[in-house]
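Since the structure comes first, as structure tokens, the remarks are kept for the end.
Lettering follows sequence order; numbering is per chain, from 1.
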Number of protein chains: 2
Amino acid sequence: MQITRQTEYAIHTLLELSRVPFGELLQTKAISERQGIPEDFLKKTIQILARAGLVQTQRGTQGGVRLARPSSQITLGDVIAAIEGPLAINVCLAYGNQCPDKGTCQVHRILQGAQKALVDELNRRTFADIVEMERSAEQAPH
Amino acid sequence: MQITRQTEYAIHTLLELSRVPFGELLQTKAISERQGIPEDFLKKTIQILARAGLVQTQRGTQGGVRLARPSSQITLGDVIAAIEGPLAINVCLAYGNQCPDKGTCQVHRILQGAQKALVDELNRRTFADIVEMERSAEQAPH
DNA sequence: CAATAGGGGACTAATTATGTCCTTTTTATC
DNA sequence: GATAAAAAGGACATAATTAGTCCCCTATTG
């Protein structure tokens, strides 16, 4: 697993969508301008998010993108998994992989444990939490 | 951070070295044959491990590679860091990176927490532990 | 000094990541 | 219905990274 730039774009997009009232549409172009993301590239990224069921898109005039479910039900782990596929910190842990000594390989077990620790952390907080944390941080004295 | 094939090679190499008595030399060629690793590529990998201070090499006839310190003082995290540089699951957490809103970015904080969970797990067990676990697993009834 | 084993530079190939361009489809509105 | 807006999506292009290969150099031992 690695968090690529595309994943970062996706996270920023989800954050933008989480900041507006649930159900409200934002346009790809607006997001790309605000976040400094190449528009065409962002479009593809959003398509992936849509296929993964994280956002819904609407074509045509006044169209745009919105969250498919409340931000309180979307985590960083969801977004990363959507863009990069099931989390796997190395080949040996990738979904479907049949490592010959999978059963006995102790390295495999440790990597699996480490991966689980990572994924658990990534799934602990939702985007609603993040937006809430941002608000508290803003209001707090410097 | 991602665990590349080269890192896997490095882990297997450290494992081989951990299985022989401390101080004993193994030859790159022998390791490459046993593990099915291209020899020239393994040579480079071992050079990196040597520069990182994890192994010591000796040139010339009867030369080879050995651990620079006991396997009880080397962890998976050490090897991964040696090959891939300081662990950073994304650009924003990379060493030296100056993300503009590093201080306030909540995503940054969550990723940092997740990364710490991962690194902690990777550093929890040493290669001596792994070899020990392998031995118990072998002896255990099937 | 000959054979052995690691050191290391240069290069190639394959894969992945990041973008760009252009055309099509859907939809609201005039 | 025509028009314009906005997402869908295919085809490319470019760059970076990863993996691997080749060839010669240097150190060590006997």
Side-chain angles (χ1 to χ4, degrees), chain A residues 1-13 16-17 24-33 35-68 80 82-85 88-92 94, chain B residues 1-13 16-17 24-33 35-68 80 82-85 88-92 94:
Chain A
M1 190 216 73
Q2 73 270 41
I3 297 181
T4 63
R5 194 172 310 187
Q6 186 171 37
T7 306
E8 289 186 22
Y9 291 164
I11 292 172
H12 285 301
T13 299
E16 288 279 350
L17 292 171
E24 191 169 305
L25 288 167
L26 287 183
Q27 289 167 10
T28 300
K29 192 176 180 187
I31 298 173
S32 84
E33 282 170 358
Q35 296 287 340
I37 305 171
E39 189 181 347
D40 276 330
F41 194 57
L42 181 57
K43 275 160 85 173
K44 315 227 142 169
T45 307
I46 286 174
Q47 280 178 46
I48 297 174
L49 294 175
R51 289 196 201 104
L54 294 180
V55 303
Q56 285 173 352
T57 57
Q58 176 157 348
R59 294 187 179 185
T61 313
Q62 305 304 320
V65 195
R66 68 179 150 223
L67 295 183
I80 297 172
I83 301 293
E84 303 184 0
I89 59 176
N90 77 333
V91 193
C92 138
Chain B
M1 189 217 70
Q2 73 271 40
I3 296 181
T4 63
R5 193 173 310 185
Q6 186 171 35
T7 307
E8 289 186 23
Y9 291 164
I11 291 172
H12 285 300
T13 299
E16 289 280 350
L17 292 171
E24 190 168 306
L25 287 168
L26 288 184
Q27 289 166 11
T28 301
K29 191 174 179 187
I31 298 173
S32 83
E33 282 170 359
Q35 296 287 340
I37 304 171
E39 188 181 348
D40 275 331
F41 195 57
L42 180 58
K43 276 161 84 173
K44 316 226 142 169
T45 307
I46 287 175
Q47 280 179 46
I48 297 173
L49 294 175
R51 289 196 201 104
L54 294 180
V55 303
Q56 285 172 352
T57 57
Q58 177 158 348
R59 294 188 179 184
T61 313
Q62 305 304 320
V65 194
R66 69 180 149 222
L67 295 185
I80 297 173
I83 302 293
E84 303 184 0
I89 59 176
N90 76 336
V91 193
C92 139

Under 3.5 Å, is there a donor on one side chain and an acceptor on the other for B:Thr7 and B:Glu84? yes
Tell me the interatomic distance from B:Gln35, atom CD, to D:dA19, atom C1', rounded to whole angstroms. 18 Å
Taking only the side-chain nitrogens and oxygens of B:Arg5, find out if one of them lies under 4.0 Å from OP1 or OP2 of D:dG20. yes
Where A:Gln62 and A:Gln27 come nearest, the two heavy atoms and their spacing: CA-NE2, 4.5 Å
Compare side-chain N and O positions of B:Tyr9 against OP1 and OP2 of D:dG20 and report whether any pair is under 4.0 Å apart. yes
For B:Leu25 and B:Gly63, which heavy atoms make the closest approach, and how far apart are they? CD1-C, 4.1 Å
Please give, in whole Å, the distance from D:dA7 P to A:Leu49 CG? 13 Å
Do the side chains of B:Glu8 and B:Ile3 get nearer than 4.5 Å, heavy atoms only? yes
Counting side-chain heavy atoms from C-beta on, which of D:dG20, D:dA7, D:dC23 comes nearest to B:Phe41? D:dG20
Table of protein N/O atoms under 3.5 Å from nucleotides 10-16 of chain C N/O atoms:
unit_1, atom_1, unit_2, atom_2, d
C:dA10, N6, B:Lys44, NZ, 2.8

Using only side-chain N and O atoms of B:Gln6, determine if any of them is under 4.0 Å from OP1 or OP2 of D:dA19. no
Please find the pair of heavy atoms, one from B:Ala68 and one from B:Gln56, that lie closest to each other, and give the distance. CB-CG, 4.0 Å
Could you tell me how far apart A:Ile83 (CD1) and C:dG19 (P) are, to the nearest whole angstrom? 14 Å
Taking every non-hydrogen atom, the tightest pair across A:Glu16 and A:Ile31: CG-CG2, 4.5 Å
For B:Thr28 and C:dG6, is the shortest distance between a side-chain N/O and OP1 or OP2 below 4.0 Å? yes
Can you name the atoms? Protein N/O to nucleotides 28-30 of chain D N/O, anything below 3.5 Å, with the distance.
unit_1, atom_1, unit_2, atom_2, d
D:dT28, O2, B:Thr61, N, 3.4
D:dT29, OP1, B:Gln58, NE2, 3.2

Of the listed C:dG19, D:dG9, C:dG8, the closest approach to the B:Asp40 side chain comes from C:dG8
Does the side chain of B:Thr4 get closer than 4.0 angstrom to OP1 or OP2 of D:dA19 through an N or O atom? yes
Atom pair distance, as rounded to whole Å: NZ in A:Lys43 and C1' in D:dG9: 9 Å
Are A:Phe41 and A:Ser32 close enough that some pair of their side-chain heavy atoms sits under 4.5 Å apart? no
If every non-hydrogen atom of B:Thr45 is compared with every non-hydrogen atom of B:Gln6, which pair is closest and at what distance? OG1-NE2, 3.2 Å
Pick one: which of B:Thr57, B:Val65, B:Ile83, B:Leu17 meets side-chain contact (heavy atoms from CB on, under 4.5 Å) with B:Leu49? B:Ile83
Rounded to whole Å, please give me the gap between CD1 in B:Ile48 and P in C:dG9. 12 Å
Any side-chain heavy-atom pair of A:Arg66 and A:Glu24 under 4.5 Å: no
To the nearest angstrom, the CD-C1' distance between B:Gln47 and C:dG6 comes to 7 Å
For B:Glu39 and D:dA19, give me the distance from atom CD to atom P, rounded to whole Å. 19 Å
Between atom CD1 in A:Ile46 and atom P in C:dG19, what is the gap in whole Å? 15 Å
